[in-house]
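Report on one structure; see the data block that follows.
Proteins get letters first, then strands, A, B, ... in listed order; numbering begins at 1 in each.
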Amino acid sequence: MPELPEVETIRRDLAKVLVGKKITGVEVINKSPIKESVEKFKKSLLNKKIKDIGRIGKLMILDLSDDNFLLIHLKMTGQLIYRHGHQIIEGGHNLPVFKENDLPTKYTWVVWKFNDGGQLYFNDMRKFGYLKVVDKEVKEKIVAKYGIEPLTKNFTLANFKKALGKRKTSIKSVLLNQVLIAGIGNIYADEICFAAGIHPGRSVAEMSETEIKKVFTASKVILKKAIAHKGTTFKDYVNAHGGKGNFSDYLQVYKRVGEKCLRCKKGSITSKKIAGRSSHYCPICQKVIS
DNA sequence: CGGAGTGTTAGTCG
DNA sequence: CCGACTAACACTCC
């Protein structure tokens, strides 16, 4: 599923082709992602222009010309595919690279048509994702609920420490908590913990200043690197450029169970449920210090 | 074939 | 308030 680097990649790619375009058609094949009346949804989008595309955490925000906003959350299996003739730009949960005749797929629920002939498809196998048009006030309320976003100037060590607080829970659980830190999901949480040399199950309350600093720095480094590589194509994710994300080549622990640790060359990567999620780590260089 | 596991997160329960 | 757990859904893997 798309995490911050993947959603950011789609955002950038779609902005290039959608900003300034007018929505001339909205087709709803399945209304499951639409949490309001379909009529209202269509009406609020029809004949509006896309002014800009933004993002908070894993949520995409399309600015419309009437100052309302289309929110798109892909959750686990959502995909956004833009097609204009032979040109395909895709992003989201894993797919084979689409060809123009593959669309719509059996999981396409919504199709938008644009004034230049382009079309945007929203696919979502498991139907967890959502689409919502909201006014500025509601949009700001939703954005305000998100925690600090790594890679912005808000993401300072002081703010990071404030987010961690004196929580009893594990560092992994905090990294995954969107209310505290926006955009990190299961893959990057594990990669960040590995880069920091910290066990994902380490209790936040017991972490030293040095350990906190390591996780803080690793968060920025890993996410920046992942964006530079257009995200991770793992099983489900494909980026919005017709090509696959390739950060998967750089994954150190995620889905490497049983393989030798790439850092210490001694430990074999272990998987265990931590914070309710499958977690991958090296039991030798990510020891729980107590 | 059956059952467990899967990138998210909102909601519930203790 | 905080944290742990689960449901929403559909497919893949063992």
Side-chain angles (χ1 to χ4, degrees), chain A residues 1-10 29-35 55-60 71-80 90-96 105-109 122-132 141-143 145-147 162-193 200-206 222-223 226-227 229-239 244-248 250-251 253-258 270-280:
Chain A
M1 133 59 226
E3 302 181 29
L4 186 153
E6 291 76 29
V7 178
E8 175 61 15
T9 302
I10 308 170
I29 296 165
N30 185 316
K31 64 185 178 69
S32 74
I34 300 164
K35 310 302 179 195
R55 175 188 63 74
I56 175 78
K58 305 166 194 172
L59 181 69
M60 278 236 284
L71 308 181
I72 303 180
H73 203 305
L74 300 174
K75 292 281 186 94
M76 283 171 77
T77 59
Q79 307 169 325
L80 280 174
E90 55 188 24
H93 192 76
N94 193 32
L95 323 148
T105 73
K106 66 195 263 212
Y107 301 116
T108 298
W109 307 143
F122 173 81
N123 298 350
D124 188 12
M125 183 181 74
R126 286 175 75 177
K127 299 178 181 164
F128 289 178
Y130 67 82
L131 306 169
K132 206 189 251 174
K141 214 182 269 176
I142 290 170
V143 168
K145 276 192 238 164
Y146 281 86
K162 207 185 286 173
L164 265 55
K166 297 215 186 325
R167 286 164 189 280
K168 275 263 185 298
T169 190
S170 63
I171 182 64
K172 170 135 182 180
S173 155
V174 170
L175 289 174
L176 291 175
N177 190 336
Q178 305 300 303
V179 170
L180 301 174
I181 301 163
I184 299 173
N186 204 34
I187 299 174
Y188 294 110
D190 283 358
E191 293 299 319
I192 289 166
C193 287
R202 178 110 175 99
S203 153
V204 167
E206 289 173 9
I222 295 290
L223 294 177
I227 291 173
H229 291 282
K230 293 185 154 275
T232 301
T233 302
F234 179 73
K235 220 178 151 184
D236 298 323
Y237 183 72
V238 184
N239 75 29
K244 295 193 167 197
N246 58 0
F247 188 71
S248 52
Y250 299 88
L251 293 176
V253 285
Y254 191 79
K255 281 291 156 107
R256 290 192 67 250
V257 178
T270 303
S271 176
K272 196 180 148 191
K273 231 183 184 89
I274 294 167
R277 312 294 303 280
S278 68
S279 302
H280 312 74

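Ring-plane geometry between A:Tyr107 and A:Trp109 is classed as perpendicular, the angle between the planes exceeding 60 degrees on a 0 to 90 degree scale with a lower cut at 30.
In this structure, the nucleotide among B:dT6, B:dT9, C:dC11 sitting nearest to the side chain of A:Lys106 is C:dC11. Checking C:dC11, B:dT8, B:dT6 against every side-chain atom of A:Lys273, the shortest atom distance belongs to B:dT6. Nearest to the side-chain atoms of A:Thr169 among the listed nucleotides B:dT6, C:dC9, C:dG3 stands C:dG3. Candidate nucleotides B:dT9, B:dT6, C:dC11 were compared by shortest atom distance to the side chain of A:Met125, and C:dC11 ranks first. Here the side chain of A:Tyr107 is nearest to one of B:dT8, B:dT9, C:dA10, namely C:dA10. Closest to the side chain of A:Arg167, from the set C:dG3, B:dT8, B:dT6, is C:dG3.
The same atom, P, is picked in C:dC9 and in B:dC1; the two are 24 Å apart, to the nearest Å.
One finds a side-chain N or O of A:Lys58 lying less than 4.0 angstrom from the OP1 or OP2 phosphate oxygen of B:dT8. Taking 4.0 angstrom as the limit, A:Lys75 places none of its side-chain polar atoms (N or O) nearer than this to OP1 or OP2 of C:dA8. For B:dT8, one of the phosphate oxygens OP1 or OP2 lies less than 4.0 angstrom from a side-chain nitrogen or oxygen of A:Arg277.
Within the 4.5 Å cutoff, no side-chain heavy atoms of A:Asn123 are placed close to those of A:Thr77.
With rounding to the nearest 0.5 Å, the separation of OG in A:Ser248 from NE2 in A:His229 is 10.5 Å.
The backbone N or O of A:Gly183 lies less than 3.5 Å from a partner atom in the side chain of A:Gln178, making a donor-acceptor pair.
Among the atoms of the strands shown, none is found under 4.0 Å from any heavy atom of A:Gly276. Within 4.0 Å (heavy atoms only), A:Ser278 reaches sugar-phosphate atoms of the nucleic acid but no base atom.
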